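Structure record follows, encoded as structure tokens.
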Amino acid sequence: MALKPTKITKVSGTVELLRDGQQNWFKVSVGTEIYPGDYLRRKQGAIVTVRCSDGREGTSLPEGVQKSLGYICPSRFRDATDSTIPYTISPRDTLILSKRPTLRWHAPDNVNRFRVTVRGQGLDWTKQVNRDKACQGDICQLVYPSDEPPLQLGITYVLVIETTDPNRSSEAPGLGFKLIDESKALEIQNLAQEIEQQELSTVEKALKLADIYEQNLLTAEAIAILEALPNEGKNAAVYRQLGQGYDLIGLPLETKAYYEKAIAKAESVGDKSELAAAQLGLGEVNWTLGKNQEAQNLLEAAKATYTELKNADMLSYLEERLREMANE
């Protein structure tokens with residue numbers, strides 16, 4: 001039996017959708033359908049419920065952050081919580097700037113050889129890669145080969161990692177990537193040059209540029225620029241934004257690790273605002289991982305922190321979210 005389309009079943013306030021390949025967001029209504037490559041975002045105070053194609057209720061949408069269909073209705077066939085699967089890390093469910101991006105993936109233990117494939121309309125190449133040449137620990141990478149055709153505008157590609165000992169594959173729906181429009185890329189390049197000329201620290205510049213990247217759905221670029229910072233320079237905001245970035249591309253274990261670092265750093269310096277945001281983010285990823293009590297405890301902790309900060313909007317959101325969790 002064919003699956004039904006993913007649809008909006010309840011909405012109040014301003015909730016917007018960006019169609020794949022489009023530039024403009026539009027306001028959704030009950031019955032609006034969501035397709036792979038689309039992004040949804042919820043404005044302050046808005047409420048939205050999504051019914052996935054298999055009948056499930058979609059994952060709750062955080063306020064002010066765009067989320068893809070892969071996040072709202074994650075695949076039940078494979079997920080990135082299984083360390084035996086060579087799941088893709090980057091690029092994954094993102095727009096990108098480079099026609100020859102660096103390809104990154106998670107390497108399961110005791111796997112020494114990989115088949116790396118990039119495919120899309122008019123393109124399908126595969127390279128054999130050995131662990132000792134491509135990996136450091138459980139993270140591997142391959143620079144896009146110079147002898148293969150570059151990526152083209154307007155085409156969605158997928159990165160597939162397969163192991164040969166034993167045979168496993170990362171391929172899963174909803175993880176495609178594509179080049180950003182050339183005019184938008186030029187606009188972002190100009191903004192990046194303006195930031196570079198400002199009298200800011202290296203960390204402040206990286207955070208501002210990462211914000212611009214995320215606003216333009218360049219999640220992989222945002223993650224890369226923040227991870228490139230030296231560890232001693234990474235503050236709570238950097239770790240929290242990395243957690244948010246990995247959450248956007250559906251990697252809960254990486255998300256969890258960065259939110260935990262953000263909490264530890266925020267507590268060490270007394271940064272209540274970053275602490276509350278990281279507590280909320282970690283609570284949501286624990287909910288995704290099925291750790292429901294831990295999730296509720298973290299949201300209660302975030303609620304207490306936002307009470308100290310006298311943030312009425314976030315208190316209202318957390319009260320509603322905790323009610324949702326209690327009823328699920």
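Every value quoted in this text rests on a predicted model; they were computed, and no experiment measured them.
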| note | Residues Glu33 and Asp38: closest non-hydrogen pair is O-OD2, 4.4 Å
| task | Answer yes or no: is there a donor N or O on one side and an acceptor on the other, between the side chain of Asp247 and the main chain of Gly243, under 3.5 Å? | result | no
| query | Does Gln152 use its side chain to pair, donor to acceptor, with the backbone of Pro150 at less than 3.5 Å? | reply | yes
| request: Report yes if the side chains of Val118 and Leu151 come closer than 4.5 Å at any heavy-atom pair, otherwise no. | output: yes
| SB check Asp271 Lys265 (cutoff 4.0 Å) | no
| message | In this structure, would Val11 and Ile47 fall into the same cluster of hydrophobic residues linked by side-chain contacts under 4.5 Å? | response | no
| query | Distance from Gln215 atom CD to Gln66 atom CD, nearest 0.5 Å? | reply | 8.0 Å
| task | Taking all heavy atoms of Leu275 and all of Glu267, pick out the closest pair and write down the distance. | result | CD1-CG, 3.7 Å
| said: In the structure I gave you, are the side-chain heavy atoms of Asp132 and Asn112 within less than 4.5 Å of one another anywhere? | reply: no
| said: Working to the nearest 0.5 angstrom, can you tell me the gap between Leu40 CG and Lys67 NZ? | reply: 11.5 Å
| said: In the structure I gave you, are the side-chain heavy atoms of Arg113 and Arg131 within less than 4.5 Å of one another anywhere? | reply: no
| query | Shortest non-hydrogen contact from Tyr144 to Leu123? | reply | OH-CD2, 3.6 Å
| Positive for side-chain contact (heavy atoms from CB on, under 4.5 Å) with Val116, one of Val160, Leu159, Thr126 | Leu159
| said: Check whether Asn235 reaches the backbone of Ala237 with its side chain - one donor and one acceptor, N or O, closer than 3.5 Å. | reply: yes
| message | Would you compute the distance between atom CD1 of Ile195 and atom CD of Glu204 and round it to the nearest 0.5 angstrom? | response | 11.5 Å
| task | Using distance alone, with no hydrogens and no angle criterion, decide if Lys208 and Gln198 have a side-chain donor and acceptor under 3.5 Å apart. | result | yes
| said: Check whether Arg19 reaches the backbone of Trp25 with its side chain - one donor and one acceptor, N or O, closer than 3.5 Å. | reply: no
| field | Side-chain donor or acceptor of Arg42 paired with backbone N/O of Ala46 under 3.5 Å | value | yes
| task | For residues Ile96 and Pro91, report the shortest heavy-atom separation together with the two atoms involved. | result | CG2-CB, 3.8 Å
| query | So, for Ile188 and Tyr213, which heavy atoms are closest and what is the spacing to 0.1 Å? | reply | CG2-CE2, 3.6 Å
| field | Interatomic distance, Leu242 atom CG to Leu226 atom CG [nearest 0.5 angstrom] | value | 4.5 Å
| message | Quick check against the 3.5 Å criterion: does Thr32 have a side-chain atom that pairs as donor or acceptor with the backbone of Ser29? | response | yes
| query | Are Leu218 and Ile89 co-members of a hydrophobic cluster defined by side-chain heavy atoms under 4.5 Å apart? | reply | yes
| Derivation and outcome, side-chain hydrogen bond (donor to acceptor under 3.5 Å, both in side chains), residues Gln23 and Asp181 | CA-CA 9 Å; Gln23 297 293 324; Asp181 179 77; 4.7 Å; no
| Would you say Glu182 has more than 12 foreign heavy atoms packed within less than 6.0 Å of its CD? | no
| request: Working to the nearest 0.5 Å, report the span between CG of Leu251 and CD1 of Ile223. | output: 7.5 Å
| field | Asn190 vs Glu194, side-chain hydrogen bond (donor to acceptor under 3.5 Å, both in side chains): CA-CA, chis, key distance, verdict | value | CA-CA 6 Å; Asn190 291 335; Glu194 290 177 13; over 6 Å; no
| Minimum heavy-atom separation for Ala210 to Ala222, with atom names? | O-CB, 3.7 Å
| query | Is it true that Arg104 and Glu227 have a side-chain N and a carboxylate O under 4.0 angstrom from each other? | reply | yes
| said: Determine whether a donor-acceptor pair (N or O, by modelled atom type, separation under 3.5 Å) exists between the side chain of Lys205 and the backbone of Glu196. | reply: yes
| request: Would you check if the side chain of Arg100 reaches a backbone N or O of Pro145 as a donor-acceptor pair within less than 3.5 Å? | output: yes
| Using a distance-only test with no angle check, is there a side-chain donor-acceptor pair under 3.5 angstrom linking Asn292 and Gln296? | no
| Within the distance-only criterion (no hydrogens, no angle test), does the side chain of Glu221 pair as donor or acceptor with the backbone N or O of Leu97 below 3.5 angstrom? | yes
| task | For the pair Arg92 (side chain) and Gly250 (backbone), establish whether a donor and an acceptor sit closer than 3.5 Å, ignoring hydrogens and angles. | result | yes
| task | Anything under 30° is parallel, anything over 60° is perpendicular, the rest tilted; go ahead and classify Trp105 against Phe114. | result | perpendicular
| task | Following the transitive rule for hydrophobic clusters with a side-chain heavy-atom cut-off under 4.5 Å over Ile, Leu, Val, Met, Phe, Trp and Tyr, establish whether Leu209 and Leu207 coincide in one cluster. | result | yes
| said: In terms of relative ring orientation, are His106 and Tyr87 parallel, tilted or perpendicular, with 30° and 60° separating the classes? | reply: parallel
| said: Using side-chain hydrogen bond (donor to acceptor under 3.5 Å, both in side chains), reason through Tyr306 and Gln279 one step at a time and then give a plain yes or no. | reply: CA-CA 10 Å; Tyr306 278 122; Gln279 287 169 329; over 6 Å; no
| query | Side-chain heavy atoms under 4.5 angstrom apart, residues restricted to Ile, Leu, Val, Met, Phe, Trp, Tyr: same cluster for Ile263 and Trp287? | reply | no
| message | Please report the interatomic distance CD1(Ile249) to OG1(Thr255), rounded to the nearest 0.5 Å. | response | 7.5 Å
| query | With hydrophobic residues grouped by side-chain heavy-atom distances under 4.5 Å, do Tyr259 and Leu318 end up in a single group? | reply | no
